[in-house]
Protein chains: 2
Amino acid sequence: MRHLLANIKIKVDENVYLKDPESTEKGRQIIQNAILLIDELGLESFTFRKLAEKIGTTEATIYRYFESKHMLLVYLISWYWNWLEYRLVFATTNIAAPEHRLRIAIGILSGKVEDDMDFAHISEVILQRIVVAESAKAYLTKDVDADNKEGFFLSYKRLCRRISAIIQEISPTYKYPDSLVSTVAESAHYQLFFAQHLPSLTNIDNGQNNQLQDFLTDLVFKAIEEK
Amino acid sequence: MRHLLANIKIKVDENVYLKDPESTEKGRQIIQNAILLIDELGLESFTFRKLAEKIGTTEATIYRYFESKHMLLVYLISWYWNWLEYRLVFATTNIAAPEHRLRIAIGILSGKVEDDMDFAHISEVILQRIVVAESAKAYLTKDVDADNKEGFFLSYKRLCRRISAIIQEISPTYKYPDSLVSTVAESAHYQLFFAQHLPSLTNIDNGQNNQLQDFLTDLVFKAIEEK
DNA sequence: TTTTTAACAATAGTAATACTATAGTGTTTC
DNA sequence: GAAACACTATAGTATTACTATTGTTAAAAA
């Protein structure tokens, strides 16, 4: 599978960046080290200056790629959702049963990362940690509406729509397919976060990867079951 | 009910503040106007300087009550969860059927605010908007573990434990009562947020208050139903 | 009543932050 | 050979979160 992915590039919507970081070596350095540094410091303490220092350049260079720290975060998150969507499409083609496809989708949302599915300069495991801890900050802003109009959240919406469609295939009468999908997607994040940091809020045991998937799968299939 | 509440004070854990804002007029002014200002500007643009200006004082005064902006947010959120817990206990005493109590709990988590249940200087409706939009930022930090050790999240955990206990009463074999409760609590927040700002991610129609409650109630009861 | 204490106001200051501006270097492109 | 471009280097701005100090007032303790 690796050689197949060598020819694949996860594309992020054009108006998220000023200059495509995938198009140059410096750009890829920025992405790669931004992921490492945000994971290490947290979004609040992460600055363009520190990132510039780390890759031996100056803030000005990074600002040529991304308008702001916020947009860099939006970029990383969009990349992540596009990556999940790619994996979902790949894993569900030629599978007839929508129940089976839904199971796969929930597995992907639960954060199962197969290590052979990696891209050169992006550490997917670390990126996932960032998405868990920081993605909510991308939309919990006074600028949501403006950002939404600019299309910054299209990747997320596209993935959710796709999974919602599977649910509607299984259970056309279920009234809340979109809410269910976004609930599962978000739940997956903070259940992982709670398992690590606030364990009394969850029954998911850190490390036992399948518990989260089990919890969410159970939740979804019971919710949409037709009587 | 109002005159009953006149004698009730929602108490926030002592180590969340430096000086109890409920103990002085200035303190109550700080809380009241902080709620208004955070709602208006969003947490990022909200500053102690602006708040001080609004209530005709200086930053120094506010810093005597709260160590930092972060702690003020923690205070507001703790107050909110304590308020929900109070309402939950009040609304479920003397109700025998755990199913009925659980229904009430989900209603409260869904954000049903009865207007007659208000405290003098705290606008619960606005506070709820703040909790929806900003509460995740209180724990999505590099300091979670330290903050958690200090007991900053006890209110939230206490409320969740209480509801989790009801679930266990109904369905002692269900494996994920804590995860289910925190999922519902968090889901309630961003489903409301999505309904307002990213409507394609939800089927909840803004304004139709019962939809959210319906969605969550359906989700929970189906999940814990024993076969 | 005097003394002490506390709450607050007023002012100033610090290091860091997010970002902008500008000038210059080296490499590629027409 | 000139223009365009990517990047570096340096400097600067307004604002931020927060600290420190000093002075005023008003109430509590002696």
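Predicted model, so just to flag it, every value in this text is computed and none were measured. Hydrogens, waters and symmetry mates are skipped; everything else that's a heavy atom, side chains included, is used. Convention: sequence-line order gives letters A, B, ...; per-chain numbering from 1.
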Approximate separation, where rounding is to 0.5 Å, of A:Arg64 CZ and A:Leu18 CG:
10.0 Å

When rounded to whole Å, the CD1 to C1' distance for the pair A:Ile55 and D:dC7 reads 11 Å

Would you tabulate the nitrogen or oxygen pairs shorter than 3.5 Å linking the protein to nucleotides 6-8 of chain C?
{"residue": "C:dA7", "atom": "OP1", "partner": "B:Lys19", "partner atom": "NZ", "Å": "2.6"}
{"residue": "C:dC8", "atom": "OP1", "partner": "B:Tyr65", "partner atom": "OH", "Å": "3.2"}
{"residue": "C:dC8", "atom": "OP2", "partner": "B:Tyr65", "partner atom": "OH", "Å": "2.8"}

Approximate separation, where rounding is to 0.5 Å, of B:Lys69 NZ and B:Phe48 CZ
8.5 Å

Take the protein atom CG of A:Asp20 and the nucleotide atom C1' of D:dA6, then report the distance between them rounded to whole Å.
15 Å

pair A:Leu140-B:Phe193: side-chain heavy atoms closer than 4.5 Å
yes

Side-chain heavy-atom pair A:Tyr156, A:Ser182 within 4.5 angstrom cut-off
yes

Criterion salt bridge (charged side-chain N to carboxylate O under 4.0 Å, His left out) on B:Glu44 and A:Lys137, from CA distance to verdict:
CA-CA 11 Å; B:Glu44 283 71 32; A:Lys137 297 168 191 168; over 6 Å; no

Could you check if a side-chain atom of B:Val181 sits within less than 4.5 angstrom of a side-chain atom of B:Ile167, using non-hydrogen atoms only?
yes

Contact state string [nucleotides 12-30 of chain C, B base, S sugar-phosphate only, - no protein heavy atom under 4.0 Å]
-B---SSBB----------

Interatomic distance where CD belongs to B:Glu53 and P belongs to D:dT15 [whole Å]:
12 Å

What is the distance from atom CZ of B:Phe152 to atom CG of B:Leu154, rounded to the nearest 0.5 Å?
10.0 Å

From CA spacing to verdict: ring-ring contact (aromatic ring centres under 6.0 Å, His included), B:Phe194, A:Tyr139:
CA-CA 10 Å; B:Phe194 290 162; A:Tyr139 58 78; 5.5 Å; yes

